[in-house]
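Remarks on the structure that follows.
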Amino acid sequence: MGRVIAAGVALGLCAILLGAPPANADDVLDGRLDLAVTLDDRPIANATVMVDPAKQIELTVTATNSGGTSVKVRSVRVSGVALALTFFAYDTTAPFEVPAHSRVTRTFVLDMADLSGQAIGLLPSTVELLDAQRGTLGEATTVTDIRGSFWSVYGAFGLAMLVLTVLAWLTALLALARHRLPANRWRRGLRFLPAGFGTGLVAVVSLSVLRLVPPEPAIEIPVVLGAAAIAFLLGYLTPHPAPGPSGDETVRFPDDTKEFNR
């Protein structure tokens with residue numbers, strides 16, 4: 001049971017450490033576009049933008065091409081990411097071309113009614129312009145305040161991590177109470193490690209759902225690793241397991257033919 005819980009919590013950690021997508025090769029190529037984006041006439045740069053899934057959203061994108069060749073845009077994507085996992089993504093196909101050394105503005109009306117069942121709270125979000133090969137031509141980032149359901153995918157993810165974390169703590173503390181932790185201090189620390197990872201993940205999701213702090217890498221990674229380090233230290237400092245409850249000691253006679261307990 002303990003291994004199953006540890007695997008579940010470790011999966012959430014891997015999402016942070018290993019789930020981030022590799023850098024797009026277009027980032028180092030010419031021809032990228034600089035974007036200025038407004039959502040319902042509100043600039044998204046350095047702002048928290050509220051998104052109500054019950055209402056349509058007017059997205060205005062101004063693309064500036066500083067390169068010497070024209071850039072063809074095929075679609076626009078709006079996505080939200082937390083813990084390196086994409087919890088929502090909306091693509092709208094609307095081809096247009098941005099000539100060299102010029103600026104083009106396009107307005108899109110997005111129906112994001114399904115967002116209520118996908119996310120809730122503060123989420124880092126990105127608006128991207130994509131080419132025909134789904135490569136990123138330009139992007140703008142913001143933080144969205146999503147007025148979704150607590151039972152959305154993101155909310156259910158946080159609830160699942162909470163359950164796994166509680167089970168991980170109960171398993172570790174029950175082993176401590178029964179003196180069944182390993183004698184080696186490092187192994188005892190590792191026994192508490194999954195509970196610490198889970199605690200950090202739950203803290204990150206909770207702060208996001210409560211609209212206090214968005215789950216950005218600069219915040220989520222220190223919180224998760226810090227909670228894991230504290231849990232490991234607690235396990236490392238737990239007392240050495242006591243001997244068996246009866247304190248029995250086996251005495252063997254020299255002729256190795258008889259033995260009894262005292």
Side-chain angles (χ1 to χ4, degrees), residues 15-16 18-119 122-148 152-154 214-218 220:
I16 295 180
L18 302 178
N24 195 307
D26 287 343
D27 289 344
V28 296
L29 299 178
D30 292 333
R32 282 183 56 86
L33 302 173
D34 295 323
L35 300 188
V37 180
T38 63
L39 198 63
D40 290 335
D41 295 326
R42 293 170 295 176
I44 69 171
N46 302 317
T48 298
V49 183
M50 188 183 74
V51 176
D52 186 352
K55 301 177 181 178
Q56 290 186 332
I57 297 173
E58 187 176 273
L59 181 73
T60 302
V61 178
T62 300
T64 303
N65 182 4
S66 302
T69 58
S70 63
V71 177
K72 294 182 178 181
V73 178
R74 184 178 186 276
S75 59
V76 58
R77 172 183 295 167
V78 180
S79 60
V81 177
L83 301 170
L85 299 174
T86 300
F87 284 93
F88 71 86
Y90 289 86
D91 287 19
T92 300
T93 301
F96 65 93
E97 184 173 348
V98 185
H101 306 293
S102 64
R103 178 181 301 169
V104 173
T105 299
R106 290 289 185 273
T107 299
F108 310 89
V109 177
L110 306 179
D111 183 359
M112 306 180 74
D114 294 340
L115 187 57
S116 177
Q118 295 176 324
L122 301 180
L123 283 182
S125 301
T126 305
V127 177
E128 300 173 88
L129 294 183
L130 307 178
D131 59 19
Q133 290 73 42
R134 317 301 289 177
T136 301
L137 299 172
E139 64 181 23
T141 59
T142 188
V143 174
T144 52
D145 179 2
I146 302 172
R147 303 292 170 158
S152 62
V153 175
Y154 187 56
E216 297 175 333
E220 61 191 17

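Being a predicted model, the structure only gives us computed values, none of them experimental.
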Discussion item. Tell me if the CZ atom of R103 is crowded by more than 12 foreign heavy atoms within 6.0 Å.
Written reply: no
Discussion item. Rounded to the nearest 0.5 Å, what separates atom OG1 in T144 from atom CD1 in I57?
Written reply: 9.0 Å
Discussion item. Using only atom types and a distance under 3.5 Å, with no angle test, would you say the side chain of S125 pairs donor to acceptor with the backbone of L123?
Written reply: yes
Item to complete: Run through V143, V49, L35 and flag the one making a side-chain contact (heavy atoms from CB on, under 4.5 Å) with I44.
Response: V49
Worksheet item: For the residue pair A100 and G67, what are the closest heavy atoms and their distance?
Response: CB-O, 3.4 Å
Worksheet item: Under 30°, 30 to 60°, or over 60°: which ring-plane class applies to F96 and F108, parallel, tilted or perpendicular?
Response: tilted
Discussion item. Between V104 and P99, is there a side-chain heavy-atom distance shorter than 4.5 Å?
Written reply: yes
Worksheet item: Say you draw a straight line from OH of Y154 to CG of L115; how long is it, rounded to the nearest 0.5 Å?
Response: 13.0 Å
Item to complete: Starting from the C-alpha separation in whole Å, work towards a yes-or-no answer on side-chain hydrogen bond (donor to acceptor under 3.5 Å, both in side chains) for T105 and T62.
Response: CA-CA 4 Å; T105 299; T62 300; 3.1 Å; yes
Worksheet entry | Atom pair CG/CD of L33 and E128 - distance to nearest 0.5 Å | 12.5 Å
Discussion item. Between T92 and V76 (side chain of the first, backbone of the second, donor and acceptor by atom type, cut-off under 3.5 Å), is there such a pair?
Written reply: no
Discussion item. Just verifying a value: how many Å separate S116 OG and D52 CG, rounded to the nearest 0.5 Å?
Written reply: 9.0 Å
Item to complete: With the side chain counted from C-beta on, respond yes when Q133 and R74 share a heavy-atom pair under 4.5 Å apart, and no when they do not.
Response: no
Fill in: Minimum-distance pair of heavy atoms, taken over all atoms of R42 and M50
NH2-O, 3.5 Å
Response to the item:
What one should report as the nearest heavy-atom pair of D34 and S66 is OD2-OG, 3.9 Å
Worksheet item: Between D40 and E58, is there a donor-acceptor pair closer than 3.5 Å when you use the side chain of the first and the backbone of the second?
Response: yes
Worksheet item: What's the shortest heavy-atom distance between Y90 and Q118, and which atoms?
Response: OH-OE1, 3.2 Å
Worksheet item: Any side-chain heavy-atom pair from L39 and V51 closer than 4.5 angstrom?
Response: yes
Worksheet entry | Nearest heavy-atom neighbours spanning T69 and N65 | O-ND2, 2.8 Å
Discussion item. Closer than 3.5 angstrom, by distance alone: can the side chain of R32 be matched with the main-chain N or O of T136 as a donor-acceptor pair?
Written reply: yes
Worksheet entry | NZ-CG distance between K72 and L129, expressed to the nearest 0.5 angstrom | 16.0 Å
Worksheet item: What is the minimum heavy-atom distance between T142 and A47, and which atoms define it?
Response: OG1-O, 2.9 Å
Worksheet item: Do V73 and L137 come within less than 4.5 Å of each other through their side chains, counting heavy atoms only?
Response: yes
Worksheet entry | Between S70 and E97, a side-chain donor and acceptor under 3.5 Å | yes
Worksheet item: Given side chains that start at C-beta, do those of I146 and M112 come closer than 4.5 Å, heavy atoms only?
Response: no
Worksheet item: About how many Å separate NZ of K55 and CZ of R147, when rounded to the nearest 0.5 Å?
Response: 10.5 Å
Worksheet item: Under 4.5 Å between any side-chain heavy atoms of T141 and P124, yes or no?
Response: no
Worksheet item: Would a 4.5 Å heavy-atom cut-off, applied to side chains only, mark V78 and F88 as touching?
Response: yes
